[in-house]
Amino acid sequence: MTSMSRARVARRIAAGAAYGGGGIGLAGAAAVGLLLAEVRLARRHVGNGADHRVPQADGLYGPAYAVPGEPPLRLVLLGDSTAAGQGVHRAGQTPGALLASGLAAVAERPVRLRNVAVTGARSDDLDRQVSLVLADPAQPPDICVIMVGANDVTHRMPPTRSVRHLSAAVRRLRTAGAEVVVGTCPDLGTIEPVQQPLRWLARRTSRQLAAAQTIGVVGQGGRTVSLGDLLGPEFEANPRELFGPDNYHPSAEGYATAAMAVLPTVCAALGLWPAEEERPDVSRREGFLPVARAAAEAASEAGTEVAAALPTGPRGPWALLKRRRRRRVSATEPAPVRTVT
């Protein structure tokens, strides 16, 4: 599917989500029967050897940066098993811990992490998760990172419904004063047990949903980072290194790669990134685009950020597409300093 075609589909899904339209199928009904047997086969393989326990990473990161009278930054993760960190064994290997320690280092300020993500969650669980996050109005988060969408695809949730729930969650968090960064639906076509033609369909549907998620999130004042096939080439070259024991969730090295793609956007949302980095860099093919086109391009290139720019233009709202430089972090680096309180 071309970028322009994906932009048109994403616009339709986002419009349906905004106006309460019915489900726009990500896959034709005729293809579903053909793929059911393969889905069942893939699901039998996915999960073999899996450990469903998720390390508890909540706590204070970077306590050495504490200054009397200055509260720590509050970082919250919401979403599914990818946000929770399923597939690793140590708290310091989870994406929440990696983001919290990285943010503390950039801000030179302690970061208090809370993770309310749930393994198996779909976008319709975000309302419950957001309610947990906002239960204490005296302690609103400074920034929230949401990773969701994979289970929406595998459970065939209508994309309009998926985007509607995500947009509502972003709106509630932004209204409460939190910055929001969403890691959009990953490319399920990179999962090792998935074979053709399911692999092709998984890639197509994942990218369609990711583009529609971007339109919905940017419309509510959030930012997105495409997870897409961020790890795709590495998964294919080193599947035992970058997949966890269940061949579905990332390993520690995989989570480190994903977290470092999201961290620059988290820092930028909080005004912590260098000012010169906020200007579009033509050499990196950055610039202002209609939001649907920016969403489609981001879905095709992992690690790409999309943020709101001009509220209106010749073809509707515009967005800034950024390809931020990021530092590769190895899972063998020392675990982040954390205080559990």
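Below, each value reflects all heavy atoms present in this structure, side chains not excepted, and no hydrogens, waters or symmetry copies.
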S.K.: Look at the side-chain heavy atoms of Ile, Leu, Val, Met, Phe, Trp and Tyr, link any pair under 4.5 Å apart, and say whether Val266 and Leu78 land in one connected group.
M.R.: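 No; Leu78 is not reachable from Val266 via cluster members.
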S.K.: Tell me, do Thr184 and Val225 make a side-chain contact under 4.5 Å, heavy atoms counted?
M.R.: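 Sidechains of Val225 and Thr184: no contact.
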S.K.: Rounded at 0.5 Å granularity, tell me how far CG in Leu98 sits from CD in Gln93.
M.R.: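 It is 8.5 Å, given to the nearest 0.5 Å.
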S.K.: Among side-chain atoms of Arg207 and Ser226, is any donor-acceptor pair under 3.5 angstrom?
M.R.: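 The criterion, which ignores hydrogens and geometry beyond distance, is not satisfied for Ser226 and Arg207.
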S.K.: How close do Tyr65 and Ala104 get, heavy atom to heavy atom, and via which atoms?
M.R.: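 Shortest heavy-atom contact: CE1-O, 3.5 Å.
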S.K.: What verdict does the salt bridge (Lys or Arg N to Asp or Glu O under 4.0 Å) test give for Arg324 and Glu305, after you've listed the backbone C-alpha separation in whole Å, the side-chain angles of each residue and the deciding distance to 0.1 Å?
M.R.: CA-CA 7 Å; Arg324 296 187 184 276; Glu305 174 190 322; 2.4 Å; yes
S.K.: Between Ala176 and Leu134, which heavy-atom pair has the shortest distance, and what is it?
M.R.: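 Scanning both residues completely, I find the closest heavy atoms to be CB-CD2, 3.7 Å.
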S.K.: Not counting sequence neighbours, list each pair that qualifies as a side chain to side chain donor-acceptor pair (under 3.5 Å) and has a residue in residues 209-218.
M.R.: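 Matches after skipping sequence neighbours: Thr214-Thr224.
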S.K.: Under 4.0 Å between a side-chain nitrogen and a carboxylate oxygen: does that hold for Asp127 and Arg172?
M.R.: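 So Asp127 pairs with Arg172 through a salt bridge.
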S.K.: Show, in sequence, the C-alpha distance, side-chain angles and deciding distance for Val145 and Val262, and conclude whether the side-chain contact (heavy atoms from CB on, under 4.5 Å) test is met.
M.R.: CA-CA 9 Å; Val145 175; Val262 175; 4.3 Å; yes
S.K.: Can you give me the closest heavy-atom contact between Gly79 and Gln129, atom names plus distance?
M.R.: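 Nearest pair, atom of Gly79 first, then Gln129: N-OE1, 2.8 Å.
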S.K.: Side chains of Val133 and Val116, heavy atoms from C-beta outward: is any pair under 4.5 Å?
M.R.: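 Side chain of Val133 against side chain of Val116, heavy atoms only: contact under 4.5 Å found.
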S.K.: Can Met147 be reached from Val181 by stepping across I, L, V, M, F, W or Y side chains whose heavy atoms are under 4.5 Å apart?
M.R.: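 Shared cluster, yes.
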S.K.: Quick check: closest heavy atoms across Pro72 and Asp142, and the distance to 0.1 Å?
M.R.: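 Smallest interatomic distance, heavy atoms only, reads O-OD2, 4.1 Å.
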S.K.: Go through it in stages, so that I can follow the logic: the residues are Val218 and Arg223, the test is side-chain contact (heavy atoms from CB on, under 4.5 Å), and I'd like the CA-CA distance, side-chain angles, deciding distance and then a yes or no.
M.R.: CA-CA 6 Å; Val218 170; Arg223 302 180 186 220; over 6 Å; no
S.K.: Check Arg323 with Glu286, please: is the shortest side-chain N to carboxylate O separation under 4.0 Å?
M.R.: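 Here Glu286 does not pair with Arg323 in a salt bridge, since their nearest N and O are not under 4.0 Å apart.
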S.K.: Are Leu173 and Val148 joined in one hydrophobic group, where the rule is that I, L, V, M, F, W and Y side chains link up if heavy atoms are under 4.5 Å apart?
M.R.: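 In one cluster: yes.
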S.K.: Measure the OH-CG distance between Tyr61 and Leu73 for me, rounded to the nearest 0.5 Å.
M.R.: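 It is 14.5 Å, given to the nearest 0.5 Å.
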S.K.: Are any non-hydrogen side-chain atoms of Pro71 and Arg109 less than 4.5 angstrom apart?
M.R.: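 Result yes, sub-4.5 Å side-chain heavy-atom pair found.
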S.K.: Using every non-hydrogen atom in the two residues, find where Gly120 and Asn151 come nearest and quote the distance to one decimal.
M.R.: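 Residues Gly120 and Asn151, closest heavy atoms: C-ND2, 3.3 Å.
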S.K.: Checking side-chain contact (heavy atoms from CB on, under 4.5 Å) for the pair Cys267/Leu103: CA distance, chi angles, key distance, verdict?
M.R.: CA-CA 7 Å; Cys267 294; Leu103 178 57; 4.1 Å; yes
S.K.: Please examine the side chains of Ser162 and Ser123, heavy atoms only from C-beta on, and report whether any two atoms are closer than 4.5 Å.
M.R.: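 Of all side-chain heavy-atom pairs linking Ser162 with Ser123, at least one is under 4.5 Å.
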S.K.: Is Pro159 close to Asp152 at the side-chain level, that is, under 4.5 Å between some pair of heavy atoms?
M.R.: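 No, every pair of side-chain atoms sits at 4.5 Å or beyond.
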S.K.: Is Ile143 reachable from Val111 through a run of hydrophobic residues whose side-chain heavy atoms are each under 4.5 Å from the next?
M.R.: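 Yes; Ile143 is reachable from Val111 via cluster members.
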S.K.: Can you tell me how far apart CH2 (Trp273) and OG1 (Thr265) are? Round to the nearest 0.5 Å.
M.R.: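 Atom-to-atom, Trp273:CH2 and Thr265:OG1 are 8.5 Å apart.
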S.K.: Can a donor-acceptor pair be found, under 3.5 Å and without considering hydrogens, that links the side chain of Lys322 to the backbone of Ala307?
M.R.: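 Answer holds: no.
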S.K.: How long is the straight-line distance from CZ of Arg122 back to NE2 of His165, given to the nearest 0.5 Å?
M.R.: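 Atom-to-atom, His165:NE2 and Arg122:CZ are 10.0 Å apart.
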S.K.: Do Arg174 side-chain atoms and Ala178 backbone N/O form a donor-acceptor pair below 3.5 Å?
M.R.: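 Yes, the answer is positive, given that a donor and an acceptor are paired below the 3.5 Å cut-off.
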S.K.: Would you find a donor on one side and an acceptor on the other, under 3.5 Å apart, between the side chain of Ser167 and the backbone of Arg164?
M.R.: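 Pair absent, no side-chain N/O of Ser167 close to backbone of Arg164.
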S.K.: Are any of the side-chain heavy atoms of Tyr255 and Val88 separated by less than 4.5 Å?
M.R.: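 Touching, per the 4.5 Å side-chain cut-off.
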S.K.: Please say yes or no: joined through hydrophobic side-chain contacts below 4.5 Å, possibly via intermediate residues, are Leu321 and Ile215 part of one cluster?
M.R.: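 Unlinked, Leu321 and Ile215 end up in two clusters.
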S.K.: Can you see which heavy atom on Pro95 is nearest to which on Ala83, and at what distance?
M.R.: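 Pro95 and Ala83 have their closest heavy atoms at CG-O, 3.7 Å.
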S.K.: To the nearest 0.5 Å, what is the distance between CZ on Arg112 and CZ on Arg74?
M.R.: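 Nearest 0.5 Å value for the CZ-CZ distance: 6.0 Å.
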S.K.: Ignoring hydrogens and angles, tell me if any N or O in the side chain of Asn115 forms a donor-acceptor pair with the backbone of Gln56 under 3.5 Å.
M.R.: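 Checking the backbone N and O of Gln56 against the side chain of Asn115, no donor-acceptor pair under 3.5 Å is found.
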S.K.: Sub-3.5 Å donor-acceptor pair from the side chain of Glu70 to the main-chain atoms of Val67, do we have one?
M.R.: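 No: the side chain of Glu70 does not pair with the backbone of Val67.
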S.K.: Does some side-chain heavy atom of Arg128 sit less than 4.5 Å from a side-chain heavy atom of Val118?
M.R.: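 The answer is yes, as the side chains (C-beta and beyond) meet within the 4.5 Å cut-off.
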S.K.: From Arg161 CZ over to Asp124 CG, what is the distance, rounded to the nearest 0.5 angstrom?
M.R.: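 Those atoms lie 4.5 Å apart.
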